[in-house]
Amino acid sequence: MPDLRRTPLTRRAVLQGGLAAAAVTVLGGCTSGDAREEVHRAARSDAFAFGVASGDPTATELLLWTRVTPTPEATPGSGRGPAVSVEWEVAADEEFTRIVTSGSARTDAFRDHTVKVVVGGLETYTRYFYRFRHEGATSPVGRTQTAPDEPGTTHALRLAFVSCSNYAGGWFTAYRGIAARDDLDVVLHLGDYVYEYGNGPAEAGVPGDGERYGPPELVGVRDVQPPGETLSLEDYRVRHAFYKTDPDLQAAHARFPWITILDDHEVTNDSHAAGAENHEPEDDPDTDDTAPGSPQGTRAEGDYLARREAAYQAYLEWMPIREPADWQPEAHQGTQFFRRFRFGDLAELSVVETRQNRSRQEPAAVDGGPNPALADPARHLPEPEQMTWLTSGLVEGRTAWHLVGNQTVFARVFSPFAPGTVFSTDQWDGYQADQRTLLDAMAASGATDPVVLTGDIHSSWANDLPRDLAAYPSDGNSVGVEFVCPSVTSDGFKEVLGSVQAATDAIAAGQALNPWVRYLDGVGHGFAVLDVTPDRVQTDFWFILSDGDKGLSVDPRVDPEATVGFEIAYVSEKGTRRVSGPVGELGARSDEPRAAS
């Protein structure tokens, strides 16, 4: 692969590569006054203006995705347009001189003219190219591959994991960095793929206006559509469509298959089973119990469960994820998003979903001390059925590693700002009985070493996972490890606390209280790359850079010509269940996917 620290990965280069030419109309940004017209213009500029994607790979199957605009009125979220057939092709070469398989799929306004096709009968650990056609129009070409799940053969496994891509928070340089690579099997997106906020100022408190979240330098440059907070099915469809006009995101989707899971912002902030911090039902002024100074009773946002249903529908339409009812059905509550992937005898990946059925968040402290409710066994993060599926998979696993794709930080983290209390009750620390159950399952997982992959907190971590905090760091006390990826763009510790120095001081205080947090950076934004071998797992952290500054004085999120660079790496050796390092940057893979025959 090219040395990405020295290769200029500019926005201009991505566009010249032709992967996102249909998105050119929105590169200049847009203001709230444009309403939905930017998405409409993109749709009308090309039948396949929102790109292509693939996802949920297995040894012999791949899901292919696109969105077609069959007629000018059939724009995203409009509910208009005819039912049409879209042709698809899978080929062994990028020129499509050797077609492997092909077919057609129907779509209509009831699914917002999105198209999903599950293609079977493919060769294991093999690279393919795909495209769609409709009425003389041809989509961009996507590249994808089946999983390295071949009995009796151990292949390489390398994936990028990302989260928290707030469009208004900055340019999607991290996605451009991923798209420039040639060494990944899959991209794992751990949630907050889209954000629900609008373009309005947070203090306005006007129904439908919505809060803006991101650097002030990008106001009028990286505004979102629709301009208000997303509430309806039309809103969520338009927001997903708008994100997929971004050329860097399109390029990353077209380059690799993705495995995705939602977190809270795909619906609204800090959601739980019956509501959310950022949801105010009409005529209920007492439900906004979090952000100090936020207006209460001013946002008439209607029924939360109806809003969530709309958000889930749009997510399933617009993301390259298999329909839950048709694949890997397990006992569950609500909509099943959790699922499992296998990569030969090397690793399994269990992707969990922790928002839909979680108990409402409780405060970290009451009466001046830790809140005992956090340890209540009746409180759950995933529903009990999903927890049983996850823990049994760990205990019964037969692969060298069991990866867990997870939304919020799993490790115990005590707050440097409020001694004796946990840092956040939105994390697993707010659901300590479930946290203990999963730690016990990790301890009982035998020869399978657990590795938790996490997003959400907009910072980079490498954690040991001690079962007994008081005994740490005694041998055998850590039952697994956790790696946390930085945000693509969303505010980190530096932005929240106001300076690099304040973030550095808070991190130092936090690590002193939590010695099992072996690495923590709250300044960089970007992505992480996990490499798995029979002997170890390694995570490389990649940050976005503006003129080599690493974000210390310049905010690289606001630079459309920023690049990405390797920052640091940590490993966990097989059998240790501990983090060690730092170590050097990953080298070449041990093998490569086959070319299709």
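Here the structure is a predicted model, which is why all the values come from computation and not from measurement.
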Check your understanding: Nearest heavy-atom pair of I544 and P556: which atoms, and what distance?
Key -> O-CG, 3.5 Å

Practice item. May I ask you to test the D56-I321 pair for a side-chain heavy-atom distance under 4.5 Å? Key: yes

Exercise for review: Taking atom types as modelled, find out whether T97 and E95 have a side-chain donor-acceptor pair closer than 3.5 angstrom.
Suggested key: no

Exercise for review: List the steps and the verdict of side chain to side chain contact (heavy atoms under 4.5 Å, CB included) for L188 and I259.
Suggested key: CA-CA 5 Å; L188 173 63; I259 296 171; 3.9 Å; yes

Check your understanding: Which atoms form the tightest heavy-atom contact between A168 and R212, and what is the distance?
Key -> CB-NH2, 3.8 Å

Revision key, fill the gap. Applying side-chain hydrogen bond (donor to acceptor under 3.5 Å, both in side chains) to R143 and not counting sequence neighbours gives D182

Check your understanding: Do the non-hydrogen side-chain atoms of D540 and D531 ever get within less than 4.5 Å of each other?
Key -> no

Practice item. List the atom of D456, the atom of R355, and the distance in Å for their closest heavy-atom pair. Key: OD1-NH2, 4.1 Å

Point to revise | No-hydrogen, no-angle side-chain donor-acceptor test under 3.5 Å, S139 and R131 | key: no

Point to revise | For the student: nearest non-hydrogen atoms of L262 and Y315, plus distance | key: N-OH, 3.5 Å

Point to revise | Check: N278/T268 side-chain N/O donor and acceptor closer than 3.5 Å | key: yes

Check your understanding: What's the verdict on side chain to side chain contact (heavy atoms under 4.5 Å, CB included) for W327 and T58, showing C-alpha distance, side-chain angles and the deciding distance?
Key -> CA-CA 12 Å; W327 196 56; T58 71; 3.7 Å; yes

**Study point:** pair H113-T69: side-chain heavy atoms closer than 4.5 Å
**Key:** no

Review point. CD of Q313 to CZ of R237: how many Å apart, nearest 0.5 Å?
Key: 5.0 Å

Review point. Does the distance from a Lys or Arg side-chain N to an Asp or Glu carboxylate O, for D183 and R158, drop under 4.0 Å?
Key: yes

**Study point:** Non-neighbouring partners of W389 that pass ring-ring contact (aromatic ring centres under 6.0 Å, His included), sequence neighbours left out
**Key:** F338

Review point. Taking only residues two or more places apart in sequence, or in another chain, which ones meet W318 in a side-chain hydrogen bond (donor to acceptor under 3.5 Å, both in side chains)?
Key: D112

Exercise for review: Verify, without hydrogens or angle tests, whether T144 (side chain) and S54 (backbone) share a donor-acceptor contact under 3.5 angstrom.
Suggested key: no

**Study point:** W88-F96 aromatic ring centre distance below 6.0 Å
**Key:** no

Review point. Would a 4.5 Å heavy-atom cut-off, applied to side chains only, mark E482 and V484 as touching?
Key: yes

Point to revise | side-chain hydrogen bond (donor to acceptor under 3.5 Å, both in side chains) partners for T146, two or more places apart | key: none

Review point. Under 30°, 30 to 60°, or over 60°: which ring-plane class applies to W258 and Y175, parallel, tilted or perpendicular?
Key: tilted

**Study point:** Spacing of Y195 atom OH and D264 atom CG [to the nearest 0.5 Å]
**Key:** 7.5 Å

Revision key, fill the gap. Hits for side-chain hydrogen bond (donor to acceptor under 3.5 Å, both in side chains) against S350, two or more places apart or cross-chain, chain-then-number order -> R340, H402

Check your understanding: Is there a side-chain contact between L316 and P324, using heavy atoms and a 4.5 Å cut-off?
Key -> yes

Review point. Are R222 and F172 in a cation-pi setup, meaning NZ or CZ lies under 6.0 angstrom from the ring centre and within 45 degrees of the ring axis?
Key: yes

Practice item. Evaluate the ring pair (Phe, Tyr, Trp, His ring centres under 6.0 Å) criterion for residues F337 and H332: first the C-alpha distance (whole Å), next the side-chain angles of each, then the deciding distance (0.1 Å), finally the verdict. Key: CA-CA 9 Å; F337 289 100; H332 64 280; 9.6 Å; no

Practice item. May I ask you to say whether K116 pairs ionically with E323, meaning some side-chain N is under 4.0 Å from a carboxylate O? Key: yes

Check your understanding: Of the options D149, L157, D185, which is the one that meets F343 in a side-chain contact (heavy atoms from CB on, under 4.5 Å)?
Key -> L157

**Study point:** F129: ring-ring contact (aromatic ring centres under 6.0 Å, His included) partners, not counting sequence neighbours
**Key:** none

Practice item. Output the distance between atom CZ (F410) and atom OG1 (T354), rounded to the nearest 0.5 Å. Key: 12.0 Å

Review point. Between V532 and A347, which heavy-atom pair has the shortest distance, and what is it?
Key: CG1-CB, 4.5 Å

Check your understanding: What do the steps show when you test R322 against V118 for side chain to side chain contact (heavy atoms under 4.5 Å, CB included), and what is the final call?
Key -> CA-CA 8 Å; R322 300 196 193 212; V118 175; 3.6 Å; yes

Review point. Quick one: CD1 on I261 to CG on N406, what's the gap to the nearest 0.5 Å?
Key: 10.5 Å

Review point. Heavy atoms, side chains only, cut-off 4.5 Å: are V86 and F48 in contact?
Key: yes

Check your understanding: Looking at N166, D491, T173, which one forms a side-chain hydrogen bond (donor to acceptor under 3.5 Å, both in side chains) with R557?
Key -> D491

Review point. Do V537 and T539 have side-chain heavy atoms sitting under 4.5 Å apart?
Key: no

Point to revise | Side-chain heavy atoms of N269 within contact of E196, under 4.5 Å | key: yes

Check your understanding: For V488 and Y193, what are the C-alpha separation, side-chain angles and deciding distance, and is it a side chain to side chain contact (heavy atoms under 4.5 Å, CB included)?
Key -> CA-CA 9 Å; V488 172; Y193 178 95; over 6 Å; no

**Study point:** Shortest non-hydrogen contact between H134 and S85, atoms and distance
**Key:** ND1-O, 3.1 Å

